[in-house]
Structure formats: structure tokens, C-alpha cells
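Order of the sequence lines sets the chain letters (A, B, ...), proteins ahead of strands, with each chain counted from 1. Computed from a prediction, not measured in an experiment: that's the story for all the values here.
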2 protein chains.
Amino acid sequence: MTAPHAEVWERLSRAQQRYTAGRRALVELLHKAGRPVGIVELLDASSRLPQSSIYRNLVVLEQVGAVTRYPGAGGSAHYELSEELVGHHDHLVCSNCGRMEDYDVPPELEGDLHAAMDAIAARKGFKPTGHRLQLTGRCARCT
Amino acid sequence: MTAPHAEVWERLSRAQQRYTAGRRALVELLHKAGRPVGIVELLDASSRLPQSSIYRNLVVLEQVGAVTRYPGAGGSAHYELSEELVGHHDHLVCSNCGRMEDYDVPPELEGDLHAAMDAIAARKGFKPTGHRLQLTGRCARCT
DNA sequence: CTCCGTGCAAACTTTTTGCAACGGG
DNA sequence: CCCGTTGCAAAAAGTTTGCACGGAG
């Protein structure tokens with residue numbers, strides 16, 4: 001669990017943007033969460049930042065590839081440090097409360113997936129950027 | 001491509017709801033689309049129904065398991081006939097325009113996925129209801 | 001006759017934007 | 001100083017709800 005600050009800082013610099021306290025706080029929070037965090041949690045976790053700043057900073061962080069946005073799940077969007085920072089993994093999504101959790105699938109399955117995805121993409125004229133395998137169900141809390 | 005009306009009708013009946021013209025139109029449209037359709041398209045495709053009716057009917061259809069809602073993708077939700085009606089498949093999602101398309105993965109891969117998902121679910125305390133494997137990228141139109 | 005569904009408008013939630021002020025480089 | 005960033009408030013986008021009317025069973 002090495003702090004991603006250096007990488008984020010570099011990405012922001014490259015885009016001529018600053019790594020301000022607010023942004024650092026968001027990255028910190030996402031890093032500690034280790035799963036996609038809903039906007040609501042972000043809002044009241046960092047209550048010192050107005051929501052507009054949070055949204056704006058998340059947009060910036062997304063643009064430089066530091067965070068990934070997952071729309072929908074449970075009404076509002078969730079955010080997580082990007083795969084480029086924390087590596088590829090997939091998500092459990094609770095259909096009841098919208099909570100998301102990380103998990104990993106066996107590497108060889110991941111390989112098969114990748115291959116299948118490429119084949120499909122080629123056939124459909126898609127230019128693939130990645131895949132998302134989410135397991136839907138009820139999380140332990142909602143059982 | 002057999003019309004799903006009978007099945008939808010039965011599900012609505014069981015819930016003591018009617019299969020009205022508006023609902024039929026929505027099901028028809030979704031059936032013809034063969035892919036998750038964005039709310040916007042639904043709205044101006046069936047301009048004779050006010051948006052509130054469309055939303056309400058989609059809620060009902062979702063509750064009886066006739067349609068599935070995919071939140072997010074491209075800002076607004078997308079809807080598709082449920083897997084119980086049209087069988088399991090996965091989706092391509094264009095990260096540029098939000099368009100979704102259906103596709104199928106090889107059955108044996110689907111089997112491996114299912115097995116892996118069950119294992120994960122057990123380990124995480126999830127009660128799984130299904131999985132979604134989406135390929136993200138740029139669709140042919142947005143290239 | 002009785003409900004369920006409809007239509008319209010208004011409310012609500014989530015996300016984005018305008019603009020003036022602030023502050024680090 | 002300059003320009004990116006902040007804070008506040010207002011607006012836009014997406015979705016839900018209240019209520020009276022109309023139509024199917």
C-alpha cells in the first residue's frame with residue numbers, strides 16, 4: 001500500500017495542474033478506501049471542501065488518469081484510484097445499497113477474458129480500452 | 001426474434017398490472033433495438049408518452065423483471081429487455097458516446113466466469129445474482 | 001363502480017457552471 | 001503579477017412525485 005502521491009503529482013504536473021491540499025485529501029481518501037467510493041461519502045468525509053470543488057477536482061483527476069469514475073451504482077457515481085495506479089481488478093456491486101468492493105480473478109481467467117474481448121472488439125469495430133467484470137448481488141451488510 | 005409480449009403480459013398479470021399501449025410500445029421498442037437504449041432515445045422515440053409515464057412504466061417493467069436498467073453509461077440510464085426474456089449476454093460500452101451494444105462470449109468462458117464468480121462471492125460474503133462483463137472502448141461511430 | 005394508469009406540473013437529486021476573490025509559483 | 005484553484009450560489013440535467021382526470025375491467 002504505497003502512497004500514490006508521487007504518481008498523481010507527476011500526472012498533474014504534466015497537465016500543468018497543481019497538486020493542492022484538496023486534491024491530495026481526495027487521493028488520500030480514495031487510497032485508504034481501497035474500493036470505489038460514492039460521492040456522498042466523499043462529500044461528508046471531506047466536509048471542508050465545497051461540493052463544487054470536489055466535483056471539479058475529481059474531473060481533473062480523472063482527466064489525468066489518476067482516478068476512474070463509475071457512474072450509476074446506487075444512484076450516484078463512485079470514484080476509485082485508476083487501474084494505472086493500483087493495477088487491474090474487478091468489482092462486486094451490491095444491487096441493494098450500491099456499495100462496491102474490489103476483488104481479483106485468477107490471472108489465467110483474466111488472460112482468457114482479455115483474448116475474448118479483443119476478438120469481440122475486432123468483430124464489432126470497437127477500439128477497446130479495457131473491460132469491467134462486475135459481480136452483482138447483495139453484499140454482506142445488506143444480507 | 002420472437003416477440004416477448006406474451007411473457008411480459010404474464011409477468012404484469014401476476015403483479016396485477018396491465019399491459020397497456022404505452023408499455024407495449026416501450027417493450028416493442030426495446031425489443032427492436034436489441035441493445036440497451038438510453039432514456040433520451042426512448043423519450044423522443046415515443047413522443048406521445050410524457051416522460052413521467054415512461055419513467056413510471058420502466059419502473060414497473062423493471063419490477064416484474066421484464067426490463068433491466070443500466071445506470072450511468074453516458075450520463076443517463078439505459079434500458080434493455082431482461083436476460084430472463086432475451087438470455088444472458090454482455091455489453092460493449094462506448095466511453096465516448098455512452099452507446100451500448102450486445103455481444104456474446106464463448107460459452108465455455110462464460111462457464112469459467114460463472115465458477116470464478118461463485119468462488120469470489122462465497123469468499124466475500126456476497127449473495128450473487130449475476131455478473132456483467134462489459135468491454136469499454138470507442139464504438140465504430142465514434143472512431 | 002373501482003382502481004390502475006395517464007398527463008401535467010412541480011419537486012428533488014445529482015452534477016455542472018459563472019464569477020469574483022484568493023494564493024502559490 | 002498571473003493563472004490555476006476556490007467558494008458560493010445559481011443553473012442545468014436527470015429522475016421522481018402529487019394530484020385530478022380518464023378508461024379498462
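- In this structure, Tyr55(A) reaches the dT15(C) phosphate: one of its side-chain N or O atoms is under 4.0 Å from OP1 or OP2.
- Looking at heavy atoms from C-beta onward, Leu133(B) lies out of side-chain contact with His89(B) at the 4.5 angstrom threshold.
- Tyr70(B) belongs to a hydrophobic cluster whose remaining members, ordered by chain and number, are Val93(B), Met100(B); membership requires side-chain heavy atoms of ILVMFWY residues under 4.5 Å apart, directly or through intermediates.
- Computed from coordinates, the Gln51(A) CD to dA11(D) P distance equals 15 Å when rounded to whole Å.
- Contact check for Gln63(A) versus Val59(A): side-chain heavy atoms found under the 4.5 Å cut-off.
- Contact annotation: the side chain of Arg132(B) approaches that of Thr136(A) to within less than 4.5 Å [non-hydrogen atoms, C-beta and beyond].
- The distance from atom CZ of Arg24(B) to atom C1' of dA24(D) is 14 Å, rounded to the nearest whole Å.
- Looking only at side-chain heavy atoms (C-beta outward), Asn96(B) and Cys139(B) stay at 4.5 Å or farther from each other.
- Of the listed nucleotides (dT16(D), dT15(C), dG14(D)), dT16(D) has the atom at the smallest distance from the side chain of Ser52(B).
- In this structure, CZ of Arg48(A) is placed 17 Å from C1' of dC8(D), rounded to the nearest angstrom.
- Summarising the geometry, the separation between CG on Leu43(B) and P on dT16(D) is reported as 12 Å, rounded to the nearest angstrom.
- Residue Gln63(A) contributes atom CD, which lies 11 Å from atom P of dT5(D) at whole-angstrom precision.
- Ring planes of His131(B) and His114(B): perpendicular class, angle over 60° (limits at 30 and 60°).
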Are any protein N/O atoms closer than 3.5 Å to N/O atoms in nucleotides 2-6 of chain C? If there are, list each pair with its distance.
{"unit_1": "dC4(C)", "atom_1": "O4'", "unit_2": "Arg18(B)", "atom_2": "NH2", "d": "3.2"}
{"unit_1": "dG5(C)", "atom_1": "OP1", "unit_2": "Gln17(B)", "atom_2": "OE1", "d": "3.4"}
{"unit_1": "dG5(C)", "atom_1": "OP1", "unit_2": "Arg18(B)", "atom_2": "N", "d": "2.9"}
{"unit_1": "dG5(C)", "atom_1": "OP1", "unit_2": "Arg23(B)", "atom_2": "NH1", "d": "2.7"}
{"unit_1": "dG5(C)", "atom_1": "OP1", "unit_2": "Arg23(B)", "atom_2": "NH2", "d": "3.4"}
{"unit_1": "dG5(C)", "atom_1": "OP2", "unit_2": "Gln17(B)", "atom_2": "OE1", "d": "3.3"}
{"unit_1": "dT6(C)", "atom_1": "OP1", "unit_2": "Thr20(B)", "atom_2": "OG1", "d": "3.2"}
{"unit_1": "dT6(C)", "atom_1": "OP2", "unit_2": "Asn57(B)", "atom_2": "OD1", "d": "3.2"}

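- For the helix from dC1(C)-dG25(D) to dG25(C)-dC1(D), the axis fitted to the five pairs at one end and the axis fitted to the five pairs at the other end meet at an angle of 30° (nearest 10 degrees).
- Environment of CD in Gln16(A): sparse, with no more than 12 heavy atoms of neighbouring residues, nucleotides or ligands closer than 6.0 Å.
- For the pair Ile54(B) CD1 and dT16(D) C1', the interatomic distance rounds to 14 Å; values are reported in whole Å.
- Atom-to-atom, CG of Leu61(A) to P of dT5(D) comes out at 10 Å; the value is rounded to the nearest Å.
- A donor-acceptor pair shorter than 3.5 Å can be found between the side chains of Glu80(A) and His91(A).
- Here Arg23(A) contributes atom CZ and Leu26(A) contributes atom CG; the two are 9.5 Å apart, rounded to the nearest 0.5 Å.
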